[in-house]
Number of protein chains: 2
Amino acid sequence: MFSLTCEHAIKEVIFVARQSLDGQRTNLKEIAAGIESPVAYTAKILQQLVKSNFVLSTKGVNGGFETDLNKMKSLPLMRIVEVFDGDFIANRCVLGLKSCNSTHPCPLHEKYAPVRGRLVSVLESTCMLDLALGIYSGQAILKEL
Amino acid sequence: MFSLTCEHAIKEVIFVARQSLDGQRTNLKEIAAGIESPVAYTAKILQQLVKSNFVLSTKGVNGGFETDLNKMKSLPLMRIVEVFDGDFIANRCVLGLKSCNSTHPCPLHEKYAPVRGRLVSVLESTCMLDLALGIYSGQAILKEL
DNA sequence: ATTAAATCGGATAAAAATATCCGATTTAGC
DNA sequence: GCTAAATCGGATATTTTTATCCGATTTAAT
């Protein structure tokens, strides 16, 4: 569905936002441990998240990462997916045909269109704050038990 | 969604089945041209399709590939996807968590479950014959215009 | 039997995705 | 100012996926 990098990115934003719910800034090590991801790889993805303005970073001693919770409230998951996986999910033909559209469909087009519609709708209607609240409340997990 | 290899595999079965609708056996070159895929790569995937018994092959002069149309009628697309992409689509957690299930869900689990359900239902209810008929009737395309 | 047209299958190459390394930069606290 | 703790960013390494190559085998037609 998503690329591994995108999966990590989503978990990272959720983890950082969850810490922001406690009013706490978190750092690379904590994030990597919190989502069970290699430290160096986590760092690379965090940099993209900072560049894309999904998370805020502070350098130096006591630095780390945090989120603007108001922003998280109005940030659909789709915005993050777009940055890491482009418009693959929303637009690419299931069989990879560039010419595929409703007038010249691939054999699967009609059957897949409603599924894609539902998927996009979930990604657009789910905000990052809600996902972070799932972790905060203890109802959901971000790493293996 | 699907791996590239799986996309090719699906198109190959559709192309071969469509030729079978004309009572014709087709060969590697025609298939590769018909789905605009590299010949050597197409050949490798065809071998897997033969091994998995989705298409029939005949060696030697005038050899080639064909399908049993009765089999295509009762062959859900899902069976092909399973062979090439495993149970990724049907079972893997969207965030890659092995522990993810309805009692210990990842933050996206609940929202994604119905989308997955619809997707699996489409893959199970769509048979390869129907997809081939889409090409046969000229309503659908298998390669760029 | 010989030939030519096919598929088969193992080895390898190329490209893309995933992951790491390390020096540079920044900054809070002393 | 000095130091330690942090992020930043470019280069590189590893792994997986995608794609190719080529000799072996099979077989219809002559």
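Because the structure is a prediction, the values reported are computed rather than measured. The basis for the numbers below is simple: all heavy atoms, side chains too, and nothing from hydrogens, waters or symmetry mates. Reminder, nothing fancy here: chain letters follow the sequence lines and each chain counts from 1.
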Is the shortest side-chain N/O distance from [X] to OP1 or OP2 of [N] below 4.0 Å?
X	N	answer
H8(A)	dA19(C)	yes
S3(A)	dA17(C)	no
S57(B)	dC8(C)	yes
T5(A)	dT18(C)	yes

Q | Side chain proximity check, R79(B) to F54(B), heavy atoms < 4.5 angstrom | A | yes
Would you indicate which nucleotide in [options] comes nearest to any side-chain atom of [X]?
X	options	value
N27(A)	dT7(D), dA28(D), dG9(C)	dT7(D)
L4(A)	dA19(C), dA28(D), dT27(C)	dA19(C)
K44(A)	dC8(C), dT18(C), dG9(D)	dG9(D)

Q: With rounding to the nearest 0.5 Å, note down the distance linking CD in Q19(B) to CD1 in I14(B).
A: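 Separation between the atoms: 12.5 Å.
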Q: Kindly compute the distance separating CG (L129(B)) from CZ (R18(B)), expressed to the nearest 0.5 Å.
A: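 Reported value, rounded in 0.5 Å steps: 12.5 Å.
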Can you tell me the distance, in whole Å, between the [atom1] atom of [X] and the [atom2] atom of [N]?
X	N	atom1	atom2	answer
D85(B)	dT18(D)	CG	C1'	13 Å
F84(A)	dA16(C)	CZ	C1'	17 Å
K51(A)	dG10(D)	NZ	C1'	11 Å
N62(B)	dT30(D)	CG	C1'	13 Å
K59(B)	dC8(C)	NZ	C1'	5 Å
Q47(A)	dA11(D)	CD	P	14 Å
I45(B)	dC8(C)	CD1	C1'	15 Å
L49(B)	dC8(C)	CG	P	11 Å

Q. Where each residue is assigned the nucleotide of DNA chain D containing its nearest heavy atom, which of V61(A) and T26(A) is assigned the position nearer the 5′ end?
A.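 The answer here is V61(A).
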Q: Give a yes or no answer on whether the side chain of R116(B) reaches the backbone of I89(B) with a donor-acceptor pair at less than 3.5 Å.
A: yes
Q. Is L28(A) touching bases, backbone alone, or none of the nucleic acid, heavy atoms closer than 4.0 Å?
A. sugar-phosphate
Q. If we ignore angles and hydrogens, is there a donor and acceptor under 3.5 Å between the side chains of S20(A) and E66(A)?
A. no
